[in-house]
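Bear in mind that the values here come from a model prediction, so they are computed numbers and not experimental data. Lettering of chains follows the sequences in order, A, B, ..., and the numbering in each one begins at 1.
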Amino acid sequence: MLAAIGVGSMDDLLVDIPSSLRLESLALPAGLSEFETMAQVESLAARNRIFADRLTFRGGGVYRRFIPAAVAAVTSKPEFYTAYTPYQPEASQGTLQAIYEFQTLIAELTALDVANASMYDGATAVAEAAMMAHIHTGRNEVLVAGYLHPEYLEVLRAFSEGRGIKVRKGVEANSKTAAVIFQQPDFLGLLVDARGLTESAHKAGALAIACVDPISLAILAPPGEYGADIAAGEGQQLGLSLSYGGPHVGFIACSKELVRRLPGRLIGTSHDAAGRRGFVLTLTAREQHIRRERATSNICTNHSLCALAASVYMTYMGAEGLRQIAEVSFKRAHALADRLSKLPGWEMAFPDRQFLYEFPIRVPKGPALNRRLARKGILGGLDVHRWFRELKGVQTFTCTEVNDARALDELVEAVAG
Amino acid sequence: MTELLSFEKSRPNAHGPRLPDADVDGPGSADLLPSDQRRANPPGLPRLSEPEIMRHYGRLASLNYSISEQFYPLGSCTMKYNPVANEVAAALPGFTDLHPYQDEDSVQGALSLMWRLEQALCAVVGVERVTLQPAAGAHGEWTALRMIQAFHRSRGESRTEVLVPDSAHGTNPASAALSGFHVVEVKSGADGRISLADLESKLSPSVAALMLTNPNTLGLFEREILDVAELVHATGAKLYYDGANLNAFMGICRPGDMGFDAVHMNLHKTFTTPHGGGGPGAGPVGVKADLVPFLPTPTVERLNGHLKLDFKRPQSIGRVRSFYGNFGMLVRAYTYILAMGGDGLTQASLDAVLSANYLRNEVKDVLDMPHDGACMHEFVASARNLAPHGIKALDVAKGLLERDFYAPTIYFPLVVPEAIMVEPTETESKATLDAFATAIKEIVKQAVEDPQSLHEAPHGLPVGRLDEVATARQINAYLQGQSEDPVLRWKPAS
């Protein structure tokens, strides 16, 4: 090949690199066979402690749920996972249609007009939603009401700081407020007055941004039903494994008025000269590769394959399946809360508040308790005091369809013993 | 062939999944939740049986071109083969079933993998530390700019401008704007490289950073990079490296040695994590010592052989996403680095440069080459020589699709009219490169002899060229209330 190019050596192709920059060699060990490579990687995996799904009671934004085998069977198709962003629509109809279905599924679930083709995670989805509100209203402050996931709040602050947007905690919106952001259910698992918060945001001329759990929307009023302008959230529960926190998938849905403010990719229907329906990336004038510094966001690579997983999951479950999953989780969590709160020294942290399948409870000696539970193979509640000073001794427990009735008994016995 | 939407195939009586009963006594949601908290109308999700679902997605998969079946010479995107061992590694239950809020003692394997990956990336790009948190390249760019901003602020300096070459990726100016910077463009010279004179004229005490990729988006190495670094540093600004083109020189040279202060890497380009039809990727950022205090939290630290997450970093820019990054992608990239080793990564870059130069040479007589001399891992050609026949870069791209190749990146970089940007990567054989060159020659011949047939390309794909203008027009009509069809989602016919 060198001869065909007409050069004598590789160095002739690298002449533009100043010789003072050339490396002798890369300071890394030599390559390994696949067998040796996998042995090393497997030994790292083996140094992690894995808790059985049925004995995992910890959530905090990432949840153990049943993942149908169909999900991995689809996402492991190389035609999906080794394709690129669908820039050439004629050769990318599979990805384009699947993500168009994702947009529709999310819009249906949130009861809003339009959803985008995915974000990195729930945290960046909320932050980008806040940027949409800032652009749309021209206002420079966002208000965070109640217990938003503390990591989402941190990411929101990081996004806002660069753009000179102020993040304030509270519920009183005023004429400077671009948006009121609330999480439903909140980080602790408790229901908030989404309707009331939305109304008060609108009264001040601000937008209402609901950070929502997609599974919850099978039984809870969705943002579209109470008039929120934007729904943002994390889709991990829709068929994605824990994976130590990622990759998962964020989503944003909004009302018609805000479509042009949406970050990232959008897919729409089109047709060819023969009248066949097809799908294309559209409204690209919002995006970085066209508008550069005036784009609505810098996002380019998103989480398409995770969005595909979520689509397979939602299609597999259907509305009725999702409702059953949410309802089973609800019943088990309430049964567990009832039993735990009767133990000596345990009491519900917010006894007057409703929850779905994650709840905050005051526990005696939390860290010691978790060590004791771990010895019995149980991943216990999440200590939330590390983020919230006022919640000393409070842990949140989560129940889903994977925590069977016997697992609940085991937890209660382990706590009591 | 086209495929109906899942919504259109939905059947009200399809068998849904069998799911567990609650098996506990106690109230349900209808007993406890007030009606205004409950959903009034169920979501309109499709209802299909598992075999129907599997066939639906199986057919959709067959409508895609992908690395597994086609050559994908997409410039700037480094579409190389994704080793299947990576996928097996990332699917190990010891990784997939790990909760991000487990105690440090129980996740030592994960932290160790992150630590080792960080060390390896530091060695490849020549920096002090790396954050693995950013989820994608653009996210990494923004993270790096936020660190640079925090660095300047910590010194009491308010620098408001970021310089970006006219040939830069669109994410560069967008990331700068998202960080609150004013973007100032630097021009390319006639040789396709950054103009030192123009750079000098735009440098000032207000400049926070210059964002540069090297080799640049034309596939050309910035020969005067050391002079660029000196000019930038002399004004107190930082030099930022866009890692989209890192595949050009692993083991050959390092951005850190060139004078770059912050470097992002795309694990989904250089380190073979698959693109997934548009993600997820991962965009780690490496920094030199004076930017280390500003890294996002948490960092992974090692103390007496024990690994821990460090959240107490007073000067940190904070978190840029939840948890610790796209961990599953980190596993894949680490697996690749282990398998390749220092020798393998170096060879990969050498082969990538060889492939690009070989292919460039094979097509240089039939397409316009705006720049002379050797290229690095990719090259930019132009279809402007076909303009007399009414043929554009877009037509060449569609002609390639018709011949079972994915198309190169077209109309980018913006500084070359009718640009065709080709990045073959090291994982393609000479036979594939030859077949691609032959296809280009055929297309050029077709452009001269039968341009109309090329305008109508691609034939034989699931759909022909789609009317994107009509799509945008219909969306406008919907947004202005003149149409009920949202275009951006399916709705049942009313």
At a 4.5 Å cut-off on heavy atoms, which part of [X] comes close to chain B: side chain, backbone, both, or neither?
X: A:Met317; answer: both
X: A:Ala98; answer: both
X: A:Pro86; answer: both
X: A:Met1; answer: both
X: A:Leu2; answer: both
X: A:Arg265; answer: neither
X: A:Arg195; answer: side chain
X: A:Glu327; answer: side chain
X: A:Thr282; answer: side chain
X: A:Ile99; answer: neither
X: A:Val62; answer: both
X: A:Ala194; answer: neither
X: A:Gln93; answer: both
X: A:Val312; answer: both

Handout entry: Approximate separation, where rounding is to 0.5 Å, of A:Ile267 CD1 and A:Ser304 OG
Key =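 Here the interatomic distance stands at 7.0 Å.
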
Problem - CD-OH distance between A:Glu234 and A:Tyr120, expressed to the nearest 0.5 angstrom - result: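 A:Glu234 CD to A:Tyr120 OH: 14.5 Å, rounded to 0.5 Å.
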
Chain A contacts, top residue of [options] (heavy-atom pairs, under 4.5 Å):
options: B:Gly180, B:Ala374, B:Ser68, B:Pro296; value: B:Ser68
options: B:Met258, B:Glu50, B:Gln102, B:Glu3; value: B:Gln102
options: B:Leu461, B:Leu113, B:Ile252; value: B:Ile252
options: B:Ala138, B:Gly325, B:Gly283, B:Ala397; value: B:Ala138
options: B:Ile225, B:Thr171, B:Asp257; value: B:Thr171
options: B:Asp25, B:Asp36, B:Asp23; value: B:Asp36

Exercise for the section: Measure B:Asn361 against the heavy atoms of chain A and call it side chain, backbone, both or neither at under 4.5 Å. Expected result: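 Only the side chain of B:Asn361 comes within 4.5 Å of chain A.
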
Handout entry: Contact class of B:Tyr101 relative to chain A, heavy atoms under 4.5 angstrom
Key =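 Contact with chain A involves both backbone and side-chain atoms of B:Tyr101.
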
Greatest number of heavy atom pairs closer than 4.5 Å to chain B - which of [options]:
options: A:Asp113, A:Leu379, A:Val114; result: A:Asp113
options: A:Ala46, A:Ala273, A:Gly61, A:Gly60; result: A:Gly60
options: A:Gln354, A:Gln324, A:Gln97; result: A:Gln97
options: A:Leu266, A:Val249, A:Leu283, A:Asp338; result: A:Leu283
options: A:Ser241, A:Ala221, A:Gly268; result: A:Ala221
options: A:Arg294, A:Glu320, A:Glu161, A:Glu42; result: A:Glu161

Of all heavy-atom pairs between [X] and [Y], which one has the smallest distance, and what is that distance?
X: B:Thr346; Y: B:Gly251; answer: OG1-CA, 3.5 Å
X: B:Val487; Y: B:Gln474; answer: CG2-CB, 3.7 Å
X: A:Lys77; Y: B:Ala61; answer: CD-CB, 3.7 Å
X: B:Thr2; Y: B:Pro462; answer: CG2-O, 3.9 Å

Any side-chain to backbone donor/acceptor pair from [X] onto [Y]? Under 3.5 Å, distance only.
X: A:Arg332; Y: A:Glu401; value: yes
X: B:Glu87; Y: A:Ser76; value: no
X: B:Asn82; Y: A:Thr82; value: no

Problem - Lys/Arg cation over aromatic B:Tyr358: B:Lys430, 6.0 Å, 45° cone - result: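 Output no; distance or angle outside limits.
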
Problem - Polar side chain donor-acceptor pair, A:Thr124 to A:Asp121, under 3.5 angstrom - result: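 Checked: A:Thr124/A:Asp121 side chains pair up, N/O donor to acceptor below 3.5 Å.
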
Exercise for the section: Go through the side-chain N and O atoms of A:Glu79 and B:Ser62 and say whether any donor and acceptor fall under 3.5 Å apart. Expected result: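 Distance-only check fails for A:Glu79 and B:Ser62.
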
Problem - Centroid separation B:Tyr324 to A:Tyr244 less than 6.0 Å - result: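 When the ring centroids of B:Tyr324 and A:Tyr244 are compared, they turn out to be within the sub-6.0 Å range.
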
Handout entry: Evaluation steps, side-chain contact (heavy atoms from CB on, under 4.5 Å), between A:Glu90 and B:Tyr65
Key = CA-CA 9 Å; A:Glu90 302 89 342; B:Tyr65 279 18; over 6 Å; no

